[in-house]
Asks: 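This is the structure I have questions about; it appears just below.
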Amino acid sequence: MHPLLLRPTLAGRLSRRAKSYKTVIACIEEPLSVSRVHFSTSPKVGAKNQVYASVRNPDQFHTYQLLSASSRTPLLTMWTASYCPTCKVVEPLIRELVESGVGEAEGGVGYCEVEYDAPDVMSAGLGMTYMISALPTLLSFDAQEAQVETKVTDARKMANRQFLEEWVRTEARRHGNRGGGGGNFLSNFFGKSK
């Protein structure tokens with residue numbers, strides 16, 4: 001005997017919501033299909049890249065980390081110093097890429113320069129905290145965590161526009177998932193989410 005036939009009050013409540021009792025029985029007996037539900041009819045818009053002012057103290061740095069974490073976009077940091085000639089060559093290139101929209105289709109990024117030789121940055125030991133041992137250094141933060149496995153310290157790579165474009169896109173794919181450029185540990189079993 002069907003479970004709804006044993007409880008006529010439940011069947012009555014369900015049948016009032018449905019057109020008929022047969023519809024309720026058909027819905028219960030058919031297997032459920034799981035599909036992705038879209039809550040919006042408007043097209044998905046990619047996030048815009050955000051370029052922040054240069055970091056000269058730890059409070060600014062932590063504010064930018066919180067802003068990027070709350071918007072689920074990675075924070076790309078370029079660690080520079082006033083005495084670094086290579087930094088002055090590489091910095092305009094990475095800034096131009098971010099301002100031109102590289103990475104927006106993948107979810108967007110935040111970008112800032114960290115002035116390593118600023119007195120407050122040096123006294124707070126930010127460089128030591130994130131193992132900055134060479135200048136210039138590109139370091140991404142996702143959900144406030146430094147992504148040291150993708151840290152770039154090779155100035156020749158930083159001067160390569162194609163390398164930088166791919167690096168920015170890979171970091172933008174993280175979306176607050178930490179690591180891997182967009183996937184998570186279940187991606188290996190179920191495939192990457194779109």
Side-chain angles (χ1 to χ4, degrees), residues 43-57 60-118 121-122 126-184 187 191-194:
K44 185 176 180 181
V45 178
K48 296 280 184 188
N49 290 345
Q50 181 71 38
V51 178
Y52 300 110
S54 294
V55 172
R56 297 190 54 79
N57 63 56
Q60 275 182 309
F61 182 69
H62 295 300
T63 299
Y64 296 159
Q65 280 186 315
L66 288 171
L67 287 171
S68 72
S70 66
S71 63
R72 295 183 58 93
T73 58
L75 176 65
L76 308 181
T77 58
M78 171 78 164
W79 294 73
T80 66
S82 60
Y83 56 82
C84 173
T86 309
C87 301
K88 291 178 183 9
V89 173
V90 173
E91 187 278 322
L93 180 58
I94 185 78
R95 178 182 281 274
E96 177 192 340
L97 290 174
V98 172
E99 287 176 344
S100 69
V102 172
E104 286 180 356
E106 290 80 6
V109 296
Y111 170 75
C112 69
E113 299 164 34
V114 180
E115 296 182 22
Y116 186 78
D117 60 345
V121 171
M122 287 187 76
L126 278 181
M128 298 300 286
T129 302
Y130 299 111
M131 298 178 283
I132 304 301
S133 58
L135 294 176
T137 295
L138 284 173
L139 179 60
S140 173
F141 290 83
D142 191 36
Q144 298 181 337
E145 292 180 12
Q147 303 300 310
V148 294
E149 68 275 358
T150 60
K151 179 168 73 170
V152 181
T153 57
D154 186 354
R156 288 172 289 179
K157 285 183 178 179
M158 286 187 233
N160 182 338
R161 186 179 182 94
Q162 288 179 323
F163 171 81
L164 283 177
E165 285 180 6
E166 188 55 37
W167 185 79
V168 170
R169 285 188 179 104
T170 300
E171 296 304 313
R173 287 185 198 107
R174 292 181 187 274
H175 299 293
N177 293 327
R178 300 176 177 95
N184 58 30
S187 298
K192 291 203 179 228
S193 61
K194 293 183 180 178

Asks: In Å, rounded to the nearest 0.5 Å, how long is the span from CZ of R174 to CG of L75?
Replies: 12.5 Å
Asks: To check you understand the geometry: which heavy-atom pair defines the closest contact between P136 and M158, and what is its length?
Replies: O-CE, 3.1 Å
Asks: Assess whether side-chain hydrogen bond (donor to acceptor under 3.5 Å, both in side chains) is satisfied between T150 and E171, documenting all intermediate values.
Replies: CA-CA 9 Å; T150 60; E171 296 304 313; 3.0 Å; yes
Asks: Is there a side-chain contact between V121 and E115 (heavy atoms, below 4.5 Å)?
Replies: no
Asks: Tell me the closest heavy-atom pair linking P74 and S140, and the distance in Å.
Replies: CB-OG, 3.9 Å
Asks: If you round to the nearest 0.5 Å, how far is CG of L135 from OG1 of T86?
Replies: 9.5 Å
Asks: Considering non-hydrogen atoms only, spot the tightest contact between M122 and Y116 and give its length.
Replies: CG-O, 2.9 Å
Asks: With a 4.5 Å limit on heavy-atom distance, are the side chains of F61 and V114 in contact?
Replies: yes
Asks: Quick one: pull up CD in E104 and CD in Q50 and give me the separation to the nearest 0.5 Å.
Replies: 10.5 Å
Asks: Answer yes or no: does atom NZ of K157 have more than 12 heavy-atom neighbours from other residues, nucleotides or ligands under 6.0 Å?
Replies: no
Asks: When you measure from the side chain of E91 to the backbone of C87, do you find a donor-acceptor pair of N or O atoms at a distance under 3.5 Å?
Replies: no
Asks: Calculate, to the nearest 0.5 Å, the distance between atoms CD and CG belonging to E165 and L97 respectively.
Replies: 5.5 Å
Asks: Restricting to non-hydrogen atoms, name the atom on C112 and the atom on Y52 that form the minimum distance, rounded to 0.1 Å.
Replies: CB-CB, 4.0 Å
Asks: Evaluate the criterion side-chain contact (heavy atoms from CB on, under 4.5 Å) for residue pair V102 and R169; output intermediate values, then yes/no.
Replies: CA-CA 7 Å; V102 172; R169 285 188 179 104; 4.1 Å; yes
Asks: With a 4.0 Å cut-off on N to O distance, would you call E166 and R173 a salt bridge?
Replies: yes
Asks: Which heavy atom of L164 sits nearest to which heavy atom of L93, and what is that distance?
Replies: CD1-CD2, 3.6 Å
Asks: For residues 76-85, which residue pairs qualify under side chain to side chain donor-acceptor pair (under 3.5 Å), counting only residues two or more places apart or in two chains?
Replies: T77-W79, S82-D117
Asks: As an exercise, state the distance from CE of M78 to OG1 of T137, rounded to the nearest 0.5 Å.
Replies: 8.5 Å
Asks: To the nearest 0.5 Å, what is the distance between CH2 on W167 and CG on N160?
Replies: 14.0 Å
Asks: Would you say the side-chain atoms of N49 pair up with the backbone N or O of E99, donor to acceptor, closer than 3.5 Å?
Replies: no
Asks: I need the minimum non-hydrogen distance between A69 and A143, along with the two atoms involved.
Replies: CB-CA, 4.1 Å
